[in-house]
Amino acid sequence: MKALGIMGGTFDPIHYGHLVAAEGVRHEFKLDKVIFVPSGRPPHKADNRITGPTHRLAMTELATASNPYFEVSSLEVNRPGLSYTIDTVLDFRSMYEPSELYFITGGDALLEILTWKDVDMLFSLCKFIGVTRPGYSFDNLGEKIPGLSADYINKIHIMEVPALAISSTDIRGRIRSGRPIKYLLPETVEHYISSCRLYR
Ligand code: ATP
Ligand code: MG
């Protein structure tokens, strides 16, 4: 395995914002694979508000099935305890021995990077690709993330992707209030959500 991308997220549910970002990065950085890793128990989100991992994993699999460069890993879902990116990066390094390892993240998540567990080790093990997301800007990263060293800033690539103002939070709200979610996520996922009666 040469260049590998990790797309982490809660994917509750997965939507076109995630998919467009991952595919754009895959092409631009000539990645051999992008592995979607649904979080088991994200430390920054309350447990009781997250859909069970089996559903989130199934939706991620449905959404990525038609792209030969995309894969889904159940690594975090199956790991006991809170899900930390550092553990995933360490596991992927030993499993795939990639020549390059990139962690893909949207603007909102990137701005919190210094709060991630073992951030120094993380920066030594992978590079980050910050994809643009409506509502978040990457201008003056050093100012926006106080304490982020120039060395770390150099390890963060910023990539402009088509702006999709789609979020899982909005999709869940739409379902609750009976508004359409069509064209915001793949039809296969839409059907899964309605047949399992999720987010009502
Ligand atoms: P929620 O509203 O529940 O937080 P979300 O839409 O933010 O859901 P996550 O699973 O939290 O989705 O996000 C996973 C990763 O994908 C994060 O790095 C996030 O910044 C990025 N991402 C999510 N939506 C978009 C989008 N529309 N454009 C670019 N990146 C996105
Ligand atoms: Mg989010």
Side-chain angles (χ1 to χ4, degrees), residues 4-40 42 44-74 76-77 83 85 102-112 128-139 157-200:
L4 187 68
I6 302 177
M7 179 82 197
T10 316
F11 305 129
D12 192 15
I14 188 164
H15 54 67
Y16 282 131
H18 302 126
L19 295 163
V20 161
E23 177 64 3
V25 168
R26 189 221 30 104
H27 177 260
E28 181 72 20
F29 288 79
K30 301 183 173 59
L31 304 184
D32 296 287
K33 240 176 214 332
V34 175
I35 306 190
F36 286 68
V37 189
S39 184
H44 58 286
K45 288 184 181 173
D47 265 3
N48 54 356
R49 304 187 61 186
I50 300 175
T51 308
T54 316
H55 283 313
R56 292 184 292 106
L57 196 60
M59 291 188 282
T60 308
E61 267 160 9
L62 287 171
T64 54
S66 66
N67 189 327
Y69 297 104
F70 286 177
E71 237 174 60
V72 182
S73 166
S74 58
E76 288 197 4
V77 157
S83 305
T85 299
Y102 293 96
F103 193 89
I104 305 165
T105 166
D108 53 320
L110 188 63
L111 293 180
E112 319 232 292
F128 287 87
I129 302 174
V131 292
T132 51
R133 179 173 194 183
Y136 302 91
S137 132
F138 289 122
D139 298 342
H157 302 266
I158 302 298
M159 184 179 165
E160 183 109 17
V161 296
L164 295 177
I166 305 176
S167 74
S168 305
T169 301
D170 177 62
I171 291 173
R172 296 192 300 272
R174 282 169 172 270
I175 297 169
R176 264 197 307 278
S177 60
R179 285 172 297 144
I181 58 167
K182 201 170 181 59
Y183 310 125
L184 298 176
L185 38 68
E187 266 184 359
T188 47
V189 178
E190 194 189 329
H191 293 153
Y192 185 93
I193 290 173
S194 66
S195 70
C196 297
R197 303 181 62 82
L198 300 181
Y199 309 118
R200 286 168 188 241

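Quick caveat, the model's predicted, so the values are computed rather than measured.
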Inset, instruction - Taking Thr132 for its side chain and Val161 for its backbone only, find out whether a donor-acceptor pair lies under 3.5 Å. - result: yes

Legend entry - Pairing residues for Thr10 by the side-chain hydrogen bond (donor to acceptor under 3.5 Å, both in side chains) criterion, not counting sequence neighbours: Lys45

Legend entry - Separation of Leu4 CG from Phe29 CZ (nearest 0.5 Å): 14.0 Å

Legend entry - Residues Val34, Ile104; criterion side chain to side chain contact (heavy atoms under 4.5 Å, CB included); working and verdict: CA-CA 9 Å; Val34 175; Ile104 305 165; 4.1 Å; yes

Legend entry - Residue pair Ser83 / Glu76: nearest heavy atoms and the distance that separates them: CB-OE1, 3.3 Å

Legend entry - Heavy-atom side-chain contact between Tyr102 and Leu31 under 4.5 Å: yes

Legend entry - Atom of Pro38, atom of Val77 and distance for their closest heavy-atom approach: O-CG2, 3.6 Å

Inset, instruction - Nearest 0.5 Å please: distance from the CZ atom of Phe36 over to the OG1 atom of Thr60. - result: 8.0 Å

Inset, instruction - Report the residues that fulfil side-chain contact (heavy atoms from CB on, under 4.5 Å) with Tyr16, sequence neighbours left out, ordered by chain and then residue number. - result: Leu19, Leu164, Ile166, Pro186

Legend entry - Tyr136 vs Leu110 side-chain heavy atoms within contact, under 4.5 Å: no

Inset, instruction - To the nearest 0.5 Å, tell me how far Ile50 CD1 sits from His55 NE2. - result: 14.0 Å

Inset, instruction - Check whether any side-chain heavy atom of Ile14 lies under 4.5 Å from a side-chain heavy atom of Val189, and answer yes or no. - result: yes

Legend entry - Listed partners of Tyr199 passing ring-ring contact (aromatic ring centres under 6.0 Å, His included), at least two apart: none

Inset, instruction - Indicate yes or no: at least one non-hydrogen side-chain atom of Arg174 is less than 4.5 angstrom from one of Leu184. - result: yes

Inset, instruction - Indicate yes or no for a side-chain donor-acceptor contact from Ser73 to the backbone of Val37 under 3.5 Å, with no hydrogens or angles considered. - result: no

Legend entry - Inter- and intrachain pairs under side-chain hydrogen bond (donor to acceptor under 3.5 Å, both in side chains), touching residues 179-188, at least two apart: Ser177-Arg179, Lys182-Glu187

Inset, instruction - Any chance you could measure Glu61, atom CD, to Arg56, atom CZ, to the nearest 0.5 Å? - result: 12.5 Å

Inset, instruction - Nearest 0.5 Å please: distance from the CZ atom of Arg200 over to the CD1 atom of Ile175. - result: 8.0 Å

Legend entry - Where at least one partner belongs to residues 18-27, residue pairs that pass salt bridge (Lys or Arg N to Asp or Glu O under 4.0 Å), sequence neighbours excluded: Glu23-Arg26

Legend entry - Residues forming a side-chain contact (heavy atoms from CB on, under 4.5 Å) with Ala109, sequence neighbours excluded: Thr105, Trp116

Legend entry - Which residues share a side-chain contact (heavy atoms from CB on, under 4.5 Å) with Thr169, sequence neighbours left out: Ser167, Arg172

Inset, instruction - Please list, chain by chain and in numerical order, all residues satisfying side-chain contact (heavy atoms from CB on, under 4.5 Å) with Arg49, sequence neighbours excluded. - result: Ala46

Inset, instruction - Scan for salt bridge (Lys or Arg N to Asp or Glu O under 4.0 Å) pairs involving residues 5-15, sequence neighbours excluded, and state none if there are none. - result: none

Inset, instruction - Working to the nearest 0.5 Å, report the span between OG1 of Thr51 and CG of Leu57. - result: 13.0 Å

Inset, instruction - Just jot down the ring-ring contact (aromatic ring centres under 6.0 Å, His included) partners of Phe138, sequence neighbours excluded, or say none. - result: none

Legend entry - Non-neighbouring partners of His15 that pass ring-ring contact (aromatic ring centres under 6.0 Å, His included), sequence neighbours left out: His18

Inset, instruction - Please list, chain by chain and in numerical order, all residues satisfying side-chain hydrogen bond (donor to acceptor under 3.5 Å, both in side chains) with Asp32, sequence neighbours excluded. - result: none

Inset, instruction - Indicate yes or no: at least one non-hydrogen side-chain atom of Leu198 is less than 4.5 angstrom from one of Pro13. - result: no

